[in-house]
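All values below were derived from every heavy atom in this structure, side-chain atoms included, with hydrogens, water molecules and symmetry-related copies excluded.
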Amino acid sequence: MALLAALPAQADERGDEAELTLNQRKLVTLRATLKGESPAERVEAAREALSAALAASGPDRVERQALPGDVPAVRLQANGITVLHLVPDDLGGTQAGSLLDAAALDAERRLKQALAEAREARDPRAWAVGLVFALLATGLALGLLWALAVLRRRLLRHAVRQLGAGEARAVRPWWQVSGEHAIALLRGLAGLAGWVVALVVLDVWASVVLRQFAATRVWGERAGDWLVSQLLALGGAALSAVPGLLTAVLIFLAARGVLRLAQGVLERVQRGELSIAGLDADTAGPTRRLVALVVWLFALAMAYPYLPGASTEAFKGVTVLAGLMVSLGASGVVGQLMAGLSLMYSRALRVGEYVRIGDVEGTVTALGMFATQLHTGLGEQVSLPNAVVFGQPVRNFSRLAQDGQFVLSTAVTIGYATPWRQVHALLMQAAQRTPGVLQQPAPYVVQTALSDFYVEYRLCAQASRTAPQRRAEAMSQLHANIQDVFNENGVQIMSPHYRADPAQPQVVPEGPWFAPESGPLVPPR
C-alpha cells in the first residue's frame, strides 16, 4: 500500500461507475457489480492488486485471458496477479458484448504503459535523463523566443524606415496610407503575431518537458493535444459560421442598395431637380439621415440571427447590457436628436440665415442632428445644443429679406426737443449712405417707445448682395453713418437721464471727427 501511495492509482466515482487510474493515466472504467462488489469496491481491489504487482521484481508481464461461461468476461493479470475482470456491463450500450474483446485489448495496452511508467518513475537514471532533456528544451525555447524578439524589432525598424521614406514621395503605394497610422497598425500586428508565436513555442516546450518524466507524461500529452484541439475547434467554428456570415453580408448589401436608391432620390429633391409631396430642399437632408438610420437598423435586426454566436447566452447578455446602458444614458441624446429634427422639419432655421438665439447672434453655418453652429462675425463660432435652441425664441433676420440676405435694424434715443420728422429724415439719409442697403423695399423708421426723457427710434432696412457678408460689419458701417449724419446736422444722440438741458447741444463739431491716429480724413458722402 505504501508503494501505491507513491505511485497513485485512484478511483473517481461518478454515479454508478468508478474509474481506475495509475500514475495519472486512466486504465479502465468499471460500471458493473460483480459478486456483490460495487464498481468502487472493484476498483479498490484492483488498486491492491496493482500494488502487489508493482512490488514484484523483474520485468512486468501483463496477460489477458477470456473466461468461458454464460456471461463472457476477460481477466487481466499483472505479474501473475489478477488485477480485475472486465464484463460487457462495464462497457454499457447495446453492443457491449461484441466490443468486449476490443475494450480488453485497449485496457491491456494501457496497463502495460502504466506499469512501465510506474517503474520509470522510481528510476533515478530516468529522472536524470529527463532533467537533462528538459533543460535543453528550456534553453532552446528561451533562445527561440529571444531570436523572435530580436527579429521582430529589426523588422519593425526596417518597416519604420521604409514608411518614413515613403512620406516624402509624391506618389505612394496604396498601402502607405499614412506613415504614423501605418506604423501604429504594423506595431499592433507585430505584437499580435509575436504573442501567437510565443504561445505556440510555450505549448511545445511544456509538452516536451512534461513528457520527459513519467509522473507528468500524461499532462505533456494533454498539453500537446490542447493547442491542436483549440485550433480545430476554432477552425470548425469559423467554417460553421460561414453560411450565416454570407447571409448577413447579403442582407447588408441589399440594405446598402436600397439606401443608395433612396439617397439618390432625396439628393435630387435637395438640389431642386425633383418634387415630392411633403419634402423640399430643407427637409430632404434630415429625411435622408432618418432613412439611413431606419434602413441600417432594419438590416441589423434581420441579420442578427445569422451573426456568429448570436444564440449564445454571452451574446444575449452583452446585447441586454448594451440596451440597458443605451436606455439609461441616451435620454439626453434622444432629446437633442428630437429637438434637431423638430428644428429641421419646422424650417425654423436654414443654413446661411442670420439669426439671434437668446444672447447669441450670427449666421447659421451648420444645422446638425444634435447642435446648431453660428458664426458671429466677430471671430467666434458658437455651438448651441438643439434642445437649447428649441426652447428659446429665435429671431430670424434673413427669412423676410430678399435673395437670402438679412435685415439691418438699429435703435437710437433722441430727446423730445428734436422734431421726430427730422430724426426720421436723418436716419433715412444714413441708410442711403450705407453700402449694400436696398432701396427697394425702402428703409423705414418706427418709433418704438416714448420714454420719460427721450423717444426711441428704430431704423429697419434690408441688405443687398453688395453688403458685407458679416452682419456685424454691415451694422458697424450703418452706425458710423448715423453718427456722421447726426453730427453734421447738430442733433445730439446722447440722451442720459438729467435734470436740465445742457447749455450747448452735445454734438461733435465738424473738425475733430477723426482722431489723428485714425488715418486720412474721409469726407462724408
Side-chain angles (χ1 to χ4, degrees), residues 173-175 177-178 181 185 238-311 315-316 318-320 322-323 325-327 329-353 363-374 383-387 389-390 396 398-399 403-404:
W174 63 269
W175 51 271
V177 180
S178 171
H181 294 86
L185 178 61
L239 290 176
S240 61
V242 169
L245 283 176
L246 290 177
T247 304
V249 168
L250 290 177
I251 292 175
F252 287 125
L253 289 177
R256 185 171 178 267
V258 172
L259 184 59
R260 291 184 64 179
L261 177 62
Q263 287 185 340
V265 174
L266 292 174
E267 285 178 358
R268 293 186 61 190
V269 174
Q270 191 171 9
R271 292 193 300 265
E273 301 174 359
L274 184 65
S275 176
I276 298 180
L279 288 179
D280 54 16
D282 295 326
T283 57
T287 303
R288 185 174 57 185
R289 301 174 190 172
L290 287 178
V291 169
L293 179 63
V294 171
V295 169
W296 285 122
L297 286 178
F298 184 76
L300 181 61
M302 292 291 294
Y304 176 83
Y306 301 100
L307 296 177
S311 59
F315 201 93
K316 294 177 181 178
V318 170
T319 53
V320 170
M325 294 173 63
V326 170
S327 62
S331 57
V333 176
V334 174
Q336 299 286 357
L337 178 62
M338 296 305 298
L341 292 176
S342 300
L343 289 174
M344 294 175 184
Y345 282 99
S346 65
R347 301 174 180 86
L349 298 174
R350 293 190 180 99
V351 175
E353 292 183 338
T363 304
V364 180
T365 58
L367 186 59
M369 303 293 287
F370 300 100
T372 299
Q373 294 182 358
L374 300 181
S383 181
L384 298 175
N386 284 335
V389 178
F390 192 72
N396 197 318
S398 301
R399 184 60 56 87
D403 298 329

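Closest non-hydrogen pair, Ala299 versus Ile251, comes out as O-CG2, 3.7 Å. Considering every non-hydrogen atom in both Leu259 and Ala292, the closest pair reads CD1-CA, 3.3 Å.
Using modelled atom types, no side-chain atom of Thr372 and backbone atom of Leu384 make a donor-acceptor pair closer than 3.5 Å.
The CG atom of Leu266 sits 12.0 Å away from the CZ atom of Arg289 when rounded to the nearest 0.5 Å. In this structure, OG1 on Thr365 lies 6.5 Å from CG on Leu374, to the nearest 0.5 angstrom.
Contacts classified as side-chain hydrogen bond (donor to acceptor under 3.5 Å, both in side chains) and involving residues 254-263 (residues at least two apart or in different chains) are not found.
More than 12 heavy atoms of other residues, nucleotides or ligands lie within 6.0 Å of CZ in Phe252, so this atom counts as buried by the packing criterion. By the 6.0 Å contact criterion, CZ on Phe298 is open, its count of non-hydrogen atoms from other residues, nucleotides or ligands being 12 or less.
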